[in-house]
Amino acid sequence: MLDLKLIRQRPDWIKEKLSSRGVTAEEIDELLGLDEQRRAKIVADENLKKKRNDVSEQIAQIKREKGDASQAIKDMREVGAQIKQLDQEVAELDEKVTYILVRLPNIPDDSVPVGPNEDYNVEIRKWATPREFDFEPKAHWEIGENLGILDFERGAKVAGARFVYYKGFGAKLERALYNFMLDEHSKEGYEEVIPPYLVNNDAMFGTSQFPKFTEDVYTVINEGDPLTLIPTAEVPLTNYYSHEIIDGAKLPIYLTALTPCFRSEAGSAGRDTRGLIRLHQFNKVEMVKYVKPEDSFNELEKLTADAEDILKKLKLPYHVITLASGDASFSSAKTYDIEVWLPAQNTYREISSCSNCTDFQARRAQIRYRDENGKVQYLNTLNGSGLAVGRTVAAILENYQNEDGSVTVPEALVPYMNGVTKLIAEN
RNA sequence: GGAGAGUUGGCAGAGUGGUAAUGCACCGGACUCGAAAUCCGGCGAACCAGUAAAAUGGCGCGCAGGUUCAAUUCCUGUACUCUCCUCCA
C-alpha cells in the first residue's frame with residue numbers, strides 16, 4: 001500500500017511512476033477527490049465531537065451539584081445524531097479511498113527499466129557457459145520418467161494435471177536440495193522457520209496477494225472462516241511480524257523456510273504442461289528480510305547473491321535480469337529474476353525472484369520499528385526464492401544428464417545424497 | 001467439542017456510567033569528584049485531522065456492533081491467551 005500523504009503531496013510524480021504499471025491518471029485524481037471530501041467531513045465531525053465532550057463535562061458538573069441538565073441533554077441528543085450521521089459518511093468515504101488505495105501497485109525504483117512488459121527486462125549478468133552436448137539432451141520429464149524417479153501419470157490419476165510423485169532417488173534428490181539450501185542460508189544468517197501452510201485473509205492482504213489476486217490461489221472454507229494454502233512462504237514469513245512494532249536494534253532480521261507452495265495457475269492453461277516447471281504444488285525455499293529503509297536496496301543485492309550462490313555451488317549456469325516496471329510483481333519496487341539454463345528447452349527459465357518491497361507490504365501488514373530516536377516508522381521487507389526446488393531438480397536432471405540416461409549428482413549434493421554420485425535406472 | 005478466567009502504555013497494574021490511578025522503566029534537574037541511592041520535575045501508547053514546524057483537537061482500554069447526553073465500565077457478537085474436562089498424532 002502506498003502512503004496516501006505522498007500521493008497527496010506529489011500526485012504528478014505518482015501518476016508518471018505508475019503509468020507503466022497500468023494505473024491511469026484518472027484513478028489517482030478520483031482517489032484524491034475522495035480523500036479531500038473525506039478530510040472535510042472529518043473536520044466537521046471532529047468539531048461536533050469536541051462540542052459533545054465539552055457539554056458532557058458540563059452535564060457531569062451540573063449533576064454533581066444536583067442541578068437540572070435536561071436542556072443540555074436534549075440539545076446533545078441532536079448533536080449525537082449528527083455525529084452518527086457524519087461518522088457513517090466518513091466511513092463510507094474511507095471505504096472508497098481504501099478500495100482504490102489497496103489496489104495501487106508499488107512505485108518502481110528509479111533504477112528499474114521502464115516498460116509495460118517483459119520485453120523491457122534487462123539482463124545484468126550471466127554466470128558460466130552452458131555445457132556443449134555431444135548428444136541430443138533430453139527434457140527433464142523424460143529423464144525422470146526413464147529413471148523411475150518422477151511419476152506424472154500417477155500424479156494426474158490421484159490429484160490431477162500438474163501434480164507429480166517423486167520416487168526413490170527423485171524424492172531423495174529433492175530432499176537433498178532443500179536441506180542443502182537451508183544449510184547454506186543458515187550460514188548467511190537466516191533463521192530457519194517452519195511456518196503455517198494455511199493462512200487467513202489478513203495475511204494474504206498483508207503481502208498483497210489479496211484483494212486483487214484471489215483467483216491464483218486455493219482457498220479452503222473452514223466453518224465459514226476461509227484459509228488459503230500459501231502460494232509462497234513469503235506470506236507466512238513476511239506476516240510473522242504483522243501488526244507489531246519491532247525494536248530497531250534487532251534489524252535486520254533474516255528468515256528462511258522450506259514450504260510447499262500451492263498455485264491454481266489460472267490463466268496459464270497450455271503453458272508448461274509437461275514436467276516440473278509449472279505445478280499446482282511445489283517446494284520452495286524462501287528467504288525474507290526485515291530491514292531499515294536506508295538499507296533495503298543494498299540488502300536486495302545481498303539477497304540476490306545468496307540465491308545465486310546456490311546455483312554457483314551446484315554449478316548450474318544462470319543469468320540475472322532486472323524486471324521492467326510493468327513486469328514486476330504488484331508489491332515490488334525492484335525485482336531481480338534469476339533464470340537457470342535448461343538445455344532441452346535451449347533457454348533460461350526463472351528459478352528465483354528477488355524483490356525489494358520497500359515499505360509497501362509493511363504498511364499493509366502494519367510492520368513497524370522504533371528507531372534510535374524512539375520514532376515509530378515502517379520498515380522495509382524483501383523476499384526471494386532460494387530456490388524453487390522442483391525447478392532446480394529439473395535443471396540438475398537436464399544439465400547433468402549423460403548419454404546413457406544416467407544423471408551425475410552435483411558435487412555439492414553428494415554428502416546430502418549419502419554419497420551417491422550418479423542416478424542410474426534400476427530395473 | 002464442553003466449562004471457567006483473562007486481554008488496559010516498554011513492563012507491572014488499579015479503575016462497576018462523568019471521560020484512563022499508581023509503580024518500575026525512560027528523560028531532565030538537584031545532591032556527588034563521579035556513580036549508585038535519594039529527592040524534585042517531566043515525558044510516556046499507536047492512529048487520524050491539523051501546522052512550515054508547533055500548538056490544538058479527535059480517537060484510543062483485544063476486535064466489531066448496540067444502549068446512553070456521556071461507555072474501560074452496561075448489552076450482544078467475535079478473536080486470542082490461560083486453567084480444567086473431553087478427544088487426539
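Because only heavy atoms are used, hydrogens play no part in the values below, and waters and symmetry mates are left out as well, while side chains stay in.
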Ignoring backbone atoms, establish whether [X] has a side-chain N or O less than 4.0 Å from OP1 or OP2 of [N].
{"X": "R368(A)", "N": "C47(B)", "result": "yes"}
{"X": "N53(A)", "N": "C69(B)", "result": "no"}
{"X": "R52(A)", "N": "C59(B)", "result": "yes"}

F180(A) and Y416(A) aromatic ring geometry - parallel, tilted or perpendicular at 30°/60° bounds: perpendicular
Nucleic acid contacts - residues 55-63 of chain A versus RNA chain B, non-hydrogen atoms under 4.0 Å: S56(A), I59(A), A60(A), K63(A)
Residues touching RNA chain B, which here means a heavy atom under 4.0 Å, drawn from residues 77-89 of chain A: R77(A), K84(A)
N53(A) CG to K51(A) NZ distance, which is reported to the nearest 0.5 Å: 12.5 Å
Base-paired stems that RNA chain B participates in, counting runs of 3 or more Watson-Crick or G-U pairs under 3.5 Å: B:1-7 with B:79-85, B:10-12 with B:22-24, B:26-30 with B:38-42, B:47-49 with B:56-58, B:62-66 with B:74-78
Ring centers of F262(A), Y197(A) separated by less than 6.0 Å: no
Atom P, compared across A3(B) and C63(B): separation rounded to whole Å: 25 Å
With a cut-off of 3.5 Å and sequence neighbours excluded, list every side-chain donor-acceptor pair involving residues 198-210 of chain A.
from: N200(A); atom 1: OD1; to: D202(A); atom 2: N; distance (Å): 3.2
from: N200(A); atom 1: OD1; to: A203(A); atom 2: N; distance (Å): 3.0
from: D202(A); atom 1: OD2; to: H243(A); atom 2: NE2; distance (Å): 3.1
from: T207(A); atom 1: OG1; to: A203(A); atom 2: O; distance (Å): 3.1
from: T207(A); atom 1: OG1; to: Q209(A); atom 2: OE1; distance (Å): 2.8

Not counting sequence neighbours, which residues clear side-chain hydrogen bond (donor to acceptor under 3.5 Å, both in side chains) with [X]? List them please.
{"X": "K84(A)", "result": "none"}
{"X": "E411(A)", "result": "none"}
{"X": "T408(A)", "result": "N402(A)"}

Contacts of Y290(A) that satisfy ring-ring contact (aromatic ring centres under 6.0 Å, His included) - sequence neighbours left out: Y241(A)
Between protein and nucleotides 11-17 of chain B, what N or O pairs are separated by less than 3.5 Å?
none

For atom CG of D54(A) and atom C1' of G18(B), their distance in whole Å: 14 Å
Rounded distance in Å - NZ (K49(A)) to C1' (C47(B)): 13 Å
Would you tabulate the side-chain donor-acceptor contacts of residues 158-171 of chain A under 3.5 Å, counting partners in other chains and residues two or more places apart, or write 'none'?
from: R162(A); atom 1: NH1; to: R271(A); atom 2: O; distance (Å): 3.3
from: R162(A); atom 1: NH1; to: D272(A); atom 2: O; distance (Å): 3.2
from: R162(A); atom 1: NH1; to: R278(A); atom 2: O; distance (Å): 3.0
from: R162(A); atom 1: NH2; to: S268(A); atom 2: O; distance (Å): 3.1
from: R162(A); atom 1: NH2; to: R271(A); atom 2: O; distance (Å): 3.1
from: Y166(A); atom 1: OH; to: E174(A); atom 2: OE1; distance (Å): 2.8

Find every protein N or O atom lying less than 3.5 Å from an N or O atom of nucleotides 48-50 of chain B, and list the pairs.
from: A49(B); atom 1: OP1; to: R8(A); atom 2: NH2; distance (Å): 3.1
from: G50(B); atom 1: OP1; to: R39(A); atom 2: NH1; distance (Å): 3.2

Salt-bridge criterion met for K292(A) and E294(A) (N-O under 4.0 Å): no
Selection residues 352-363 of chain A - residue pairs positive for salt bridge (Lys or Arg N to Asp or Glu O under 4.0 Å), sequence neighbours left out: D359(A)-R363(A)
